[in-house]
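Fair warning: this is a prediction, and the values are worked out from it, not measured in the lab.
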Amino acid sequence: MWRIGFAFWACWQIVKWAAVGAAVLVVLYLWGGFNGAFILAVLAVGLGLWGLKATLGSLYQREETDRRWSR
């Protein structure tokens, strides 16, 4: 049950931050179009989401390892 709960929570975190990033990108695009700031923001949002996924995956692996040893 813990695995399902963590998976849903992790998916929610990624969706939530992806929506925030998309909103920032929309505002930047409407404000200045496709320019250097927009490209930097796309890179920042992409790297941020990749980092979040890597962090949540690492957390899942660490918790799974701890659960195996505690049984």
Side-chain atoms of residues 17-24: list all donor-acceptor pairs with protein atoms under 3.5 Å, sequence neighbours left out, distances to 0.1 Å.
none

Donor-acceptor contacts under 3.5 Å from residues 32-61 side chains, at least two apart:
unit_1: Asn35; atom_1: OD1; unit_2: Ala37; atom_2: N; d: 3.3
unit_1: Asn35; atom_1: OD1; unit_2: Phe38; atom_2: N; d: 3.0
unit_1: Asn35; atom_1: ND2; unit_2: Gly32; atom_2: O; d: 3.4
unit_1: Thr55; atom_1: OG1; unit_2: Gly51; atom_2: O; d: 2.8

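Residues Leu25 and Trp31 share a hydrophobic cluster, clusters being chains of Ile/Leu/Val/Met/Phe/Trp/Tyr side chains in contact below 4.5 Å.
Residues satisfying the side-chain hydrogen bond (donor to acceptor under 3.5 Å, both in side chains) criterion with Lys16, sequence neighbours excluded, are Gln13.
Counting Ile, Leu, Val, Met, Phe, Trp and Tyr side chains that sit under 4.5 Å apart, directly or through other members, Leu30 shares a hydrophobic cluster with Val26.
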